[in-house]
Amino acid sequence: MKLTLKQKLEQLPSHSGVYVYYDATGKILYVGKAKNLKNRVRQYFSSSYKKAYKVEVMLTHVADMDYVLTESETDAFALENTLIKKYSPPFNILLKDDKQYPFVKIFTKERYPRVTMTRKVVKDKAKYFGPVTGSIRELLELLNELYPTRTCNLNFDNIPANFRPCLNFHLGTCSAPCVGKISEEDYSKLIDKCCALLRGDTAEALKAVAAKMTEASDKMQYEQALKYRRQLELLQKLSETKVATLGRVVDYDVFTVCCDGTKSAVNTILVRGGRVVCSKSQTFADAGIDEAQTLAEFIYAYYESTNDIAKIILINKPIEGGAELAEYLSEKFEKKVAFNCPQKGERKKLVDMSLENAIECMKKSVAADERKYAATTGAVTQLKELLGLKNLPQRIECYDISNVSGVDKVASMVVAVGGSKAPKEYRRFKIKTVEGANDFASMKETLLRRFDRLKKQDYRFGAPPDLIVVDGGMGQLKYAVEARDESGVEVEIVSLAKREELVYVEGDNQPRRLPRDSYALNLLINTRDEAHRFAITYFRKLHGKNAFVSELESIEGIGKKRLIALQKKFKNIQAIKNATVEDLAATEGISKNVAENIKKHFEE
């Protein structure tokens, strides 16, 4: 007999493991790990334990749970991460930006060391500088200009006789050790200067680039001067940090968390060589039982997507299982890692600074959420009130017609769900039955076809709409309503006229003028403009294709296969006009005689 959720909660063991929450459909909502499953899971369902709003929201969807026992909490970390990656539960922290920061790598053990970029820090006796949070390409270009080192993989023990230096030497970005243009001693000095610059000693480089910028400006070489100015800005970032500079050569990773009950914000600061090289804040709507659990999950996910770690990790909240997580990270990165929750001194200042950034991120995120809500869900609610609609227009479909003098008539359907664009729901129509330029009839045909699908419960064009918006005035609205009534479907329809942005509603001969600053009107305008853009794009594509076909079909010797071959190679008529006879004859299936016919056709 299948156990109920209540029975499973009563039988939880006091053992380390991973627990999983499911909704009524069997979808995984949340994956967590615990040193003691019984204590941790019961916290979620205990009425005496104060829980954040986001946790309460998740619990309203939980219909079942399961768990897996592990040998240790370290094993629970690994299993939890595997399940999160596999199922992407909506209430877990999911790091979308998992791209590793680049480093500058110098192969110091080579005879003539190379300076390159890498995203992997490994134990290979090379020197690594980073992580680089700006443009790594611009930094490497600057290093090559200031200290021209090689970028090739040339074997210096096997250089051919009469070998000639590459283009980089002539451009001044390589000192050409391959042909003896620089001694090993002088090349070593270049590498030393390069390393000093990457450590933040930029005085010499700043002076050299400033002189180049002045010289270029005096010679009115303004593009070069602008390039040197950008290099000066880059050097300034290397010599300074936006947040803080420590007096000692130390490496720290700093993580702080704050929550407002609805979401969490985590700030990450990376300190390398006593300088803050990175500060990044992110917000999440996770369902961690408290801030400490959220922080632990974030740290684990973070180090699964990077290969760089400091030996000391500073945090603002002691985390449950911190010793086990530190042990896991030590094994993963093959060096001793420890967590520290400082209460005073230099480390505490770093943690406080990080927490300030997390709190600021939270404030901005809340404000952004409020603006987004007003422009989407709020706009939908406002639209219902202002237009007196029967139903909340959760799904809005907007239609527009596009053609030139009745040729290549097309229609577009764009969709807004909950006030936000839903591009995957967009559809387009070729008008089939209407003769000439009749936008009213074209709109009616489009909607009849849409309504016919709804009657047949064919939802390949999407779910039934709550509101249909047509581009135009009273005339467009009339034809749209006729299509609906003939089809026998039930849906509210309005039209939005350009210029004055007046809204026409059924049963009212007078248009409605919505407040210009209302979110409801902005939603209608944006949806209408998107429908117009989508229709125009489709028309141009179809019209260009038809023009291509009609133009070439009149040329002697051009059949369907040759037409396809020409279209595939030249894409458009202008490219064919500019092509030579030889270019045309090189097309599959096109003989020289046919190529000459094509060329003659466009020269007449």
Please report the closest heavy-atom contact between K348 and P342, naming both atoms and the distance. CD-O, 3.1 Å
Main-chain N/O of V257 paired with N316 side-chain donor or acceptor, under 3.5 Å: yes
Side-chain heavy atoms of C174 within contact of T151, under 4.5 Å: no
Between N153 and R114, a side-chain donor and acceptor under 3.5 Å: yes
Atom OH in Y519, atom CZ in R371: separation rounded to 0.5 Å? 8.5 Å
Is the side chain of N92 donor-acceptor paired with the backbone N or O of S88 at a distance under 3.5 Å, no angle test? no
Quick check: closest heavy atoms across A176 and P165, and the distance to 0.1 Å? CB-CB, 4.1 Å
I'd like to know if the side chain of E291 and the backbone of C259 have a donor-acceptor N/O pair within less than 3.5 Å. yes
Within the 4.5 Å heavy-atom criterion, are I28 and L83 side-chain neighbours or not? no
Look at the side chain of R150 and the backbone N and O of V115, then say whether any donor-acceptor pair between them is shorter than 3.5 Å. no
Roughly how far, to the nearest 0.5 Å, is the OH atom of Y147 from the CG atom of L197? 5.0 Å
In plain terms, say whether K33 and E324 are close enough for a salt bridge, that is, a side-chain N and a carboxylate O under 4.0 Å apart. no
Atom CG of D260 and atom CD1 of I359: how far apart are they, to the nearest 0.5 Å? 11.5 Å
Taking the side chain as every heavy atom from C-beta outward, state whether R111 and Y187 have any atom pair closer than 4.5 Å. no
Taking NZ, NE, NH1 and NH2 as the nitrogens, is one of them in E346 or K349 under 4.0 Å from a carboxylate oxygen of the other? no
Any chance you could measure E297, atom CD, to L325, atom CG, to the nearest 0.5 Å? 11.0 Å
State, without any angle test, whether Y300 and Y328 hold a side-chain donor-acceptor pair at a distance under 3.5 Å. yes
Do the side chain of S188 and the main chain of E184 share a donor and acceptor less than 3.5 angstrom apart? no
S412 and D400: side-chain donor and acceptor closer than 3.5 Å? no
Check whether any side-chain heavy atom of R528 sits under 4.5 Å from a side-chain heavy atom of C398, and report yes or no. yes
Tell me, with the steps shown, if F169 and V179 meet side chain to side chain contact (heavy atoms under 4.5 Å, CB included). CA-CA 10 Å; F169 169 70; V179 292; over 6 Å; no
Would R533 and D529 pass as an ion pair if we require N to O under 4.0 Å? no
With side chains defined as the heavy atoms from C-beta onward, is the minimum distance between K332 and E304 less than 4.5 Å? yes
Under-4.0 Å salt bridge between K193 and E204: yes
Can you name the closest pair of heavy atoms from S330 and V337 and give their distance? OG-N, 2.9 Å
Assert yes or no for the condition that the ring centre distance of Y302 to F255 is strictly below 6.0 Å. yes
Answer yes when E215 and K219 have at least one side-chain N-carboxylate O distance shorter than 4.0 Å, and no when they do not. yes
Checking the side chain of D253 only, and the main-chain atoms of A310 only, is there a donor and an acceptor separated by less than 3.5 Å? yes
The single option from K263, K363, K364 passing salt bridge (charged side-chain N to carboxylate O under 4.0 Å, His left out) against D369: K263
From CA spacing to verdict: side chain to side chain contact (heavy atoms under 4.5 Å, CB included), F163, L154: CA-CA 11 Å; F163 186 79; L154 194 64; 3.9 Å; yes
Any sub-3.5 Å donor-acceptor pair from T376's side-chain atoms to K372's backbone N or O? yes
Spacing of NE2 belonging to H170 relative to CG belonging to L167, to within rounding of 0.5 Å: 7.0 Å
For salt bridge (Lys or Arg N to Asp or Glu O under 4.0 Å), just list the numbers for K317 and D290, CA-CA rounded to whole Å, side-chain angles, deciding distance to a tenth of an Å, and then say yes or no. CA-CA 10 Å; K317 297 274 183 182; D290 52 30; over 6 Å; no
Is the shortest heavy-atom distance from the side chain of I315 to the side chain of I299 under 4.5 Å? yes
Does the T214 side chain pair with the main chain of A210, one donor and one acceptor, at a distance under 3.5 Å? yes
Here the pair of heavy atoms bringing D251 nearest to R272 is OD1-CA, 3.3 Å
Can you find a pair of side-chain heavy atoms, one from Y87 and one from V31, that are under 4.5 Å apart? no
Can you confirm whether V271 sits close enough to L314 that some side-chain heavy atom of one is under 4.5 Å from a side-chain heavy atom of the other? no
N/O donor-acceptor pair under 3.5 Å between S217 side chain and A225 backbone: no
Full working for side-chain hydrogen bond (donor to acceptor under 3.5 Å, both in side chains) between S281 and N357: CA-CA 7 Å; S281 298; N357 281 277; 5.1 Å; no
Scanning both residues in full, the closest heavy-atom pair of R347 with I312 reads NH2-CD1, 3.1 Å
Indicate the atoms forming the closest heavy-atom contact of I84 with P89, along with that distance. O-CD, 3.6 Å
To the nearest 0.5 Å, what is the distance between CD1 (I106) and CD1 (I191)? 5.5 Å
After noting the C-alpha distance and the side-chain angles of F107 and T116, does the key distance pass the side chain to side chain contact (heavy atoms under 4.5 Å, CB included) rule? CA-CA 8 Å; F107 297 82; T116 63; 3.4 Å; yes
Can a salt bridge be assigned to the pair E141 and R230 using a cut-off of 4.0 Å between side-chain N and carboxylate O? no
Could you walk me through whether L143 and T149 pass side chain to side chain contact (heavy atoms under 4.5 Å, CB included), step by step? CA-CA 8 Å; L143 290 172; T149 55; over 6 Å; no
Give a yes or no on whether the backbone of N526 and the side-chain of K421 come within a donor-acceptor separation of less than 3.5 Å. no
Regarding K54 and S264, is there a side-chain donor-to-acceptor distance under 3.5 Å anywhere? yes
Can you tell me if R229 has over 12 outside heavy atoms packed within less than 6.0 Å of its CZ? no
